[in-house]
Amino acid sequence: MSTAIQSFHYRLAHPGYSVFPGAHPGQMVGSGHLFKRHQPLLASPDPRRIDLRASVLDPFQHYRVRVFQQHSKLTVYVLVDLSASMHGQLPAVSEFVLSAAQSAVQMGDSFGFIGGGLSIDHQWILPAGPAMQPVRELADRLARFRTENSAESLSKIAPLLPNKRCLLFLVSDYHFPLAQLQTILQPLTSHAVVPIVWWNTAEFSNLPDWGLLRFKDAESRRSKTLLMRPALKQRIIHAFENRRVQLRQGFRAFGMEPLFLTDGYRAETVNNYFQRQAL
Amino acid sequence: MNNLAFETPWALMGLILLLVPIFRSNMRATTYPWLDILPNDPLSELLNLLIRLLSMAALAALFLGLSGIYLKEQHVERIGRGAHIVMLLDRSNSMDNSFAGKAPSGNDISKADAARQLLTEFVDHRPHDLIGIAEYSTSPLFVMPLTENKQAIHAAIDATSIPALAYTNISKGLSMALSFFEHQPVSGSRIILLVSDGAAVIDPDSEAALRVLFKQQQVRLYWLFLRTDNSPGIFAEPEDQRDDNAQAMPELYLHRFFSSLKIPYHAYEAENPDAMQKAIADIDRLEKLPLHYRQAIPKQDLSAAFYGWASFFMLLLVGVKMCEARTA
């Protein structure tokens, strides 16, 4: 299984604050290649970095030392909506979790996972760390998990996250009212959030053209019978298009650009996303 | 609704299952993440309602069929032309003789046979009549109350083929015939058809009682007198003054009594079967007043029809099931 995991490359434009060295632009001063500023020798006692020219030009006759910007480590979290509506998607989501974990570990970043259903269960919390093995176990469990609740707890995830800016992948089908979307996104604004809208084409464009269909809501258990015909199918596809526009507006209000996954997960899609914009 | 009844009413308990289609559907459900995103479709909602109603109808028809629903015997009020007729038949010995006054032999038929034959035809001609039959001999015989059941009337007329009895007691017979009209609605005309070959003296007490009864019941009286050869007829005036009494000429006196009743009365004197037929045809022609009568419609079993409906509905439901789309 591990051989099949594809990894993707992510980057953040906004510098991080982590004290630990890593692969991403940071604000810490340390061993890097990017010149940041001059400092007095007393503040940064490294005689190797004394800048003679700057020291000569200093009107107070102090030694000036060059300091460099240190690349810092990043924490990557995958937050997954474990509501009943996500049931069919979970195997694919677990694939994405493994992929994200591998990408993070390859970059030397730490990876964590939080899944939220009706409430946040401790079995679905994986604290950020550098190891792959716990992620594999968790992905196994996730692929086999039978969800049966709503996504009430997604808005309560923020206190479990580090205070420092992290990269968050917020995976859900976002099948809830837009007002709930706001309460979920509001506490996460201090982080770099990549909302991944995970839809299944069987729900709209792959519906049959003709025939009777009875749909049962995964969460409310209500049911609805539809007489499928091409016109109605077009209306359903149109409804999903509308929803896509609404969601995009909703995310952009919080400065986030959503990533729509409708044909299953492929690492290239995420690569494309990060090439188009850096967070 | 009051006309419906059930053979096995406990099977109606199955009608509770009518609630099932409200809560459950016969269609396979596909789990869908969010129903709110699906657009509203009035056509689908209408169809859904129809399917539920169809399932309920199928269940209802099935259980009504199982409960053996049937329509009770019913009466339909109709208006026809006819009368309430009571045939008062003479069953004295002399009726078994031919018109010649002898025991019938060869081609001769007895007066009773001729009467029977003609009355049977008469009954067949009059589909809407209520007909009752009384007989009299020494005492009156109650044969058949007023009924529209032609089979029963025929059987009653045929029953007069058994040998006749003794004497003639006409006053008792008349009062019994009149009693048939008690508790009957006055509709159409009421007729007493007296078929006899002789008469008898009516004593004054009975005479007074009969006068009252005839007035009360508003009947018309037809007397079909089967005259035997050489016997005095109804209209024969006595030749000798001494014979002018009820004992000697009971027929004449009975005729006079009937005429004095001030009711529509007609006497026919028949000396042979043909004359008798003519008399009966005459009555048949005269007595055609509008008549309210009630026709009985027998109990009807409806369960077969309900089973038919149930299978029809179920066939439709199978068709709907066939229309179900398959999702991957």
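So you know, we letter chains A, B, ... as the sequences are listed, proteins then strands, and number each from 1. These figures come from a predicted structure and were not determined experimentally. We use all heavy atoms of the structure for the numbers below, so side chains are in, but hydrogens, waters and symmetry mates are not.
By the 6.0 Å contact criterion, CD on B/Q151 is open, its count of non-hydrogen atoms from other residues, nucleotides or ligands being 12 or less. Heavy-atom contacts from other residues, nucleotides or ligands closer than 6.0 Å to CZ of B/R24 number 12 or fewer. Residue A/W124 places its CH2 atom among more than 12 non-hydrogen atoms of other residues, nucleotides or ligands, all under 6.0 Å distant. Other residues, nucleotides and ligands place more than 12 heavy atoms under 6.0 Å from the CZ atom of A/R248.
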- prompt: Passes side-chain contact (heavy atoms from CB on, under 4.5 Å), A/R222 versus B/D36? Steps please.
  reply: CA-CA 10 Å; A/R222 284 185 304 125; B/D36 293 356; 3.0 Å; yes
task: Mind running side-chain contact (heavy atoms from CB on, under 4.5 Å) on B/E324 and A/L213 for me, showing each step along the way?
output: CA-CA 6 Å; B/E324 227 174 274; A/L213 268 184; over 6 Å; no
message: Applying side-chain contact (heavy atoms from CB on, under 4.5 Å) to B/T30 and A/K216, what does each step give before you reach the verdict?
response: CA-CA 6 Å; B/T30 311; A/K216 194 167 207 171; over 6 Å; no
task: Just do the side-chain contact (heavy atoms from CB on, under 4.5 Å) check on B/Y32 and A/E203 with the steps written out, would you?
output: CA-CA 7 Å; B/Y32 201 78; A/E203 290 157 14; 3.7 Å; yes
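Of all residues spanning residues 37-59 of chain B, those with a heavy atom less than 4.5 Å away from chain A's heavy atoms are B/I37, B/L38, B/P39, B/N40, B/D41, B/L43, B/S44, B/L47, B/N48, B/I51, arranged by number.
The CZ atom of A/F215 sits 15.5 Å away from atom CH2 of B/W34, with the distance rounded to the nearest 0.5 Å. Separation of atoms CE (B/M27) and OG1 (A/T225) is listed at 4.0 Å; rounding is to 0.5 Å.
At a 4.5 Å heavy-atom cutoff, the contact between A/D173 and chain B is made by side-chain atoms alone. Contact of A/W210 with chain B is made through the backbone alone, with heavy-atom distances under 4.5 Å.
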Side-chain donor-acceptor pairs under 3.5 Å in residues 298-305 of chain B, sequence neighbours left out?
from   : atom 1 : to     : atom 2 : distance (Å)
B/K299 : NZ     : B/E7   : OE2    : 3.2
B/D301 : OD1    : B/S303 : N      : 3.2
B/D301 : OD1    : B/S303 : OG     : 3.1
B/D301 : OD2    : B/S303 : OG     : 3.2

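Across A/A239, A/S85, A/S83, the residue that shares the most heavy-atom pairs under 4.5 angstrom with chain B is A/S85.
Contact between A/G211 and B/A325 at its shortest, heavy atoms only, is CA-CB, 3.9 Å.
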